[in-house]
Amino acid sequence: SRTPVNVTVTGGAGQIGYALLFRIASGQLLGPDVPVNLRLLEITPALPAAQGTAMELNDGAFPLLGSVDITDDPNVAFDGTNVALLVGARPRTKGMERGDLLEANGGIFKPQGKAINDHAADDIKVLVVGNPANTNALIAQAAAPDVPAERFTAMTRLDHNRALSQLSAKTGTPVSEIRRLTIWGNHSATQYPDIFHAEVAGKNAAATVNDETWLADDFIPTVAKRGAAIIEARGASSAASAASAAIDHVHTWVNGTAAGDWTSMGIPSDGSYGVPEGLISSFPVTCSGGSYEIVQGLEVNDFSRARIDASVKELAEEREAVRALGLI
Ligand code: NAX
């Protein structure tokens, strides 16, 4: 039988953690034949709640679940870890300035990056979900100089899936027949969901929709502000859909994209498409053999260029802010 894969989830006692852990235990993260050992990293006051979740995980009697360990020490949590899902973060509270938010998260992601650097397995893959996800990923990556930078990624798959769903509804086409959609930039309100290269049932999506007003005034803001709409409707932020997207992100990274399709991931830029090197920005990527590559050669029209540039500018500002705070 296969060697178990060590998967660490931070913020395991939170609402995304609750939706995520059971799907990992059931084999949906890595595959139906891959056993997993789970480690939950939580802050000390949340350890009892994490213990409760661990009890329920054991009660699931998942055949693929080897063990569940809980700790408040990052050095223990990331020891020998193959896949790290960094979900726990400091949310923005009322009256908090952006600098305060970045600083509070630096206090979380810098030590976690260091612990990953010092203790994780050589094949470590990191997905940052906790917001501000792209810049938190940058902080963790900067604190892990011995880990290849490309192993640090940020989640824009929820945005990607939201865009698929909106385009599906607009065109009356099942999501299974939509390909090559892209989220560019930051996981924030400036993100740019791009349908100019997307295909709906084999035809170009933008040409099929043929409605730039819908694109600019409906589709893009609906996708970008979906998180706020969910909070308004549910009285709580996206949790199951976020967990589902985290599962999709890692599953695709490990198991590959379908031939002829791509996905969206926040990854360290190599300078492609004019995105400054090192910024963790969302790109169209293909995955194969456990690694990813940016899709090259796409034509970027003026409509797209302006929106990509605006989101990348925000990422550059966030990088400057965390640099000034000494976090990277
Ligand atoms: P919750 O507040 O329910 O849970 C967060 C958990 O993290 C808590 O249990 C808390 O104790 C724990 N935590 C805090 N600091 C920690 C630390 N230093 N080490 C370990 N654990 C720590 O939030 P939840 O709804 O689960 O959301 C988690 C994060 O995901 C938030 O930052 C949220 O903004 C972000 N999201 C990101 C999305 C994305 O697409 N990238 C979408 C969904 C979500 O909003």
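All figures in this text were calculated on a predicted structure; none of them were measured in a lab. When a ligand or atom number is given, it counts from 1 through the structure's own listing order.
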message: Could you check whether any side-chain N or O of T182 sits under 3.5 Å from a backbone N or O of T263, counting only pairs where one atom can act as donor and the other as acceptor?
response: no

task: Determine the sole option in V200, L167, L215 for which the side-chain contact (heavy atoms from CB on, under 4.5 Å) test with V209 is passed.
output: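 Among V200, L167, L215, the one that satisfies the side-chain contact (heavy atoms from CB on, under 4.5 Å) with V209 is L167.
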
message: We want to know whether Q191 and S282 form a side-chain donor-acceptor pair, criterion being a heavy-atom distance below 3.5 angstrom.
response: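 Result is no, nothing qualifies.
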
- prompt: Are a donor atom and an acceptor atom from the side chains of T71 and D73 found within less than 3.5 Å of each other?
  reply: no

task: For residues I139 and L102, report the shortest heavy-atom separation together with the two atoms involved.
output: CD1-O, 4.5 Å

Pairwise, report which nitrogen or oxygen atoms of ligand 1 are under 3.5 angstrom from protein nitrogen or oxygen atoms, and how far apart they are.
unit_1	atom_1	unit_2	atom_2	d
ligand 1	3 (O)	Q15	N	2.9
ligand 1	9 (O)	G14	N	3.4
ligand 1	9 (O)	E42	OE2	2.6
ligand 1	11 (O)	E42	OE1	2.8
ligand 1	19 (N)	Q112	NE2	3.4
ligand 1	21 (N)	G11	N	3.3
ligand 1	25 (O)	Q15	NE2	3.0
ligand 1	26 (O)	Q15	N	3.4
ligand 1	26 (O)	I16	N	2.9
ligand 1	32 (O)	N131	N	3.0
ligand 1	34 (O)	N131	ND2	2.8
ligand 1	36 (N)	N131	ND2	3.4
ligand 1	40 (O)	H187	NE2	3.2
ligand 1	41 (N)	V129	O	3.2
ligand 1	41 (N)	M155	O	3.4
ligand 1	41 (N)	H187	NE2	3.4

field: salt bridge (charged side-chain N to carboxylate O under 4.0 Å, His left out) assessment of R162 paired with D159
entry: CA-CA 5 Å; R162 285 167 171 166; D159 309 302; 3.7 Å; yes

